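Just so it is clear, the model here is predicted, and its values are computed rather than measured.
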Amino acid sequence: MEAEHRGAFGQDSFGRGAEKAARFFGTPQYIFGQTIVVIIWIALNAIAVAFRWDPYPFILLNLAFSTQAAYAAPLILLAQTRQADRDKAQEATAELRHDEQIASAARHVAAVKTETHKLTQLLESNTELTEQTKRLAEHVDTLTDQIHRQVVRA
């Protein structure tokens, strides 16, 4: 199903890269790493007076975060869209599989009903034959008694 499925950007490297980036943005390692970078950035600007390339209020740092957010948000949305498309495809496949199982069960139930009907008919035929056999045996007994009485009289 994955080979047939095409996300917002298909299966190209950009789409796969966007998903990897979006997954990375949500990790503790990313947040920890970003926090370390901010601490180092502010410390260097506060301590190294001679190298103050971004003095307080750290406009260059804010610009870097804004640029990062401008790219991160669409990448995250792209990754969510691709995941939603995969989820829909998997749901459709699961629903189809479920429908096939229900149809198979219905065919099985119909076959069992047919066989049960046949067995019921055979049982009724057997019961009728048994009753006929009993009546015939009673008739044979009656005839045997009559013959026995005729033989005993003669």
Side-chain angles (χ1 to χ4, degrees), residues 1-43 58-154:
M1 181 58 80
E2 182 67 30
E4 298 172 9
H5 174 67
R6 300 280 186 242
F9 286 90
Q11 292 302 316
D12 64 2
S13 60
F14 181 79
R16 288 189 304 272
E19 286 183 298
K20 287 179 185 178
R23 277 190 218 102
F24 178 66
F25 290 144
T27 63
Q29 294 87 354
Y30 173 77
I31 293 172
F32 180 74
Q34 188 175 31
T35 302
I36 296 299
V37 167
V38 169
I39 290 171
I40 291 171
W41 186 285
I42 291 172
F58 309 112
I59 293 173
L60 189 56
L61 180 62
N62 283 321
L63 179 63
F65 281 143
S66 296
T67 303
Q68 177 191 20
Y71 282 98
L75 291 177
I76 292 169
L77 290 173
L78 171 63
Q80 287 175 337
T81 301
R82 289 169 57 95
Q83 184 60 47
D85 289 345
R86 280 193 299 271
D87 291 346
K88 284 179 190 175
Q90 287 175 348
E91 185 177 309
T93 300
E95 192 172 313
L96 179 63
R97 197 173 306 126
H98 179 69
D99 291 347
E100 289 171 355
Q101 289 172 343
I102 288 173
S104 175
R107 287 190 300 273
H108 181 71
V109 167
V112 168
K113 282 183 179 181
T114 301
E115 291 301 314
T116 301
H117 182 68
K118 288 179 184 178
L119 288 173
T120 302
Q121 288 178 330
L122 286 173
L123 185 58
E124 289 171 356
S125 295
N126 187 34
T127 302
E128 186 179 320
L129 286 173
T130 302
E131 289 172 2
Q132 288 176 359
T133 303
K134 284 182 184 179
R135 285 193 300 271
L136 186 60
E138 289 171 359
H139 190 60
V140 168
D141 286 344
T142 303
L143 288 175
T144 302
D145 285 344
Q146 289 175 356
I147 291 173
H148 181 63
R149 276 185 256 144
Q150 291 288 334
V151 170
V152 170
R153 274 193 229 162

Colleague: Got a second to check how far F65's CZ is from L60's CG, nearest 0.5 Å?
Modeller: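 Interatomic distance, F65 CZ to L60 CG, rounded to 0.5 Å: 11.0 Å.
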Colleague: Compile the donor-acceptor pairs under 3.5 Å between side chains in residues 117-136 and protein atoms, sequence neighbours left out, one pair per line.
Modeller:
unit_1: H117; atom_1: NE2; unit_2: Q121; atom_2: NE2; d: 3.1
unit_1: T120; atom_1: OG1; unit_2: T116; atom_2: O; d: 2.8
unit_1: S125; atom_1: OG; unit_2: Q121; atom_2: O; d: 3.1
unit_1: T127; atom_1: OG1; unit_2: L123; atom_2: O; d: 2.8
unit_1: T130; atom_1: OG1; unit_2: N126; atom_2: O; d: 2.8
unit_1: T133; atom_1: OG1; unit_2: L129; atom_2: O; d: 2.8

Colleague: Rounded to the nearest 0.5 Å, what separation is found between the CD atom of Q29 and the CD atom of Q34?
Modeller: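 Going from CD on Q29 over to CD on Q34, the span is 13.5 Å.
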Colleague: Mind checking the CG-OG spacing from D99 to S104? Nearest 0.5 Å is all I need.
Modeller: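 Reported to 0.5 Å precision, the distance equals 12.5 Å.
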Colleague: Taking C-beta and beyond as the side chain, do Q83 and D87 meet within less than 4.5 Å on heavy atoms?
Modeller: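 Counting from C-beta outward, Q83 and D87 do come under 4.5 Å.
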Colleague: Which heavy atom of A69 sits nearest a heavy atom of P74, and at what distance?
Modeller: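 It is O-CD, 4.3 Å.
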Colleague: Distance from R149 atom CZ to T144 atom OG1, nearest 0.5 Å?
Modeller: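 OG1 of T144 is found 10.5 Å from CZ of R149.
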Colleague: The criterion is side chain to side chain contact (heavy atoms under 4.5 Å, CB included); which residues satisfy it with D141, sequence neighbours excluded?
Modeller: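 If we apply the side chain to side chain contact (heavy atoms under 4.5 Å, CB included) test to D141, skipping adjacent residues, there are no hits.
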Colleague: Could you tell me the separation between the CZ atom of R86 and the CZ atom of R82, rounded to the nearest 0.5 Å?
Modeller: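 CZ of R82 is found 6.0 Å from CZ of R86.
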Colleague: Between V112 and H108, is a side chain to side chain contact (heavy atoms under 4.5 Å, CB included) present by the stated rule, with each step listed?
Modeller: CA-CA 6 Å; V112 168; H108 181 71; 3.8 Å; yes
Colleague: Indicate yes or no for a side-chain donor-acceptor contact from T81 to the backbone of L77 under 3.5 Å, with no hydrogens or angles considered.
Modeller: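 Checking the backbone N and O of L77 against the side chain of T81, a donor-acceptor pair under 3.5 Å is found.
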Colleague: Among I40, I39, V38, which residue satisfies the side chain to side chain contact (heavy atoms under 4.5 Å, CB included) criterion with I42?
Modeller: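 Single side chain to side chain contact (heavy atoms under 4.5 Å, CB included) partner of I42 among I40, I39, V38: V38.
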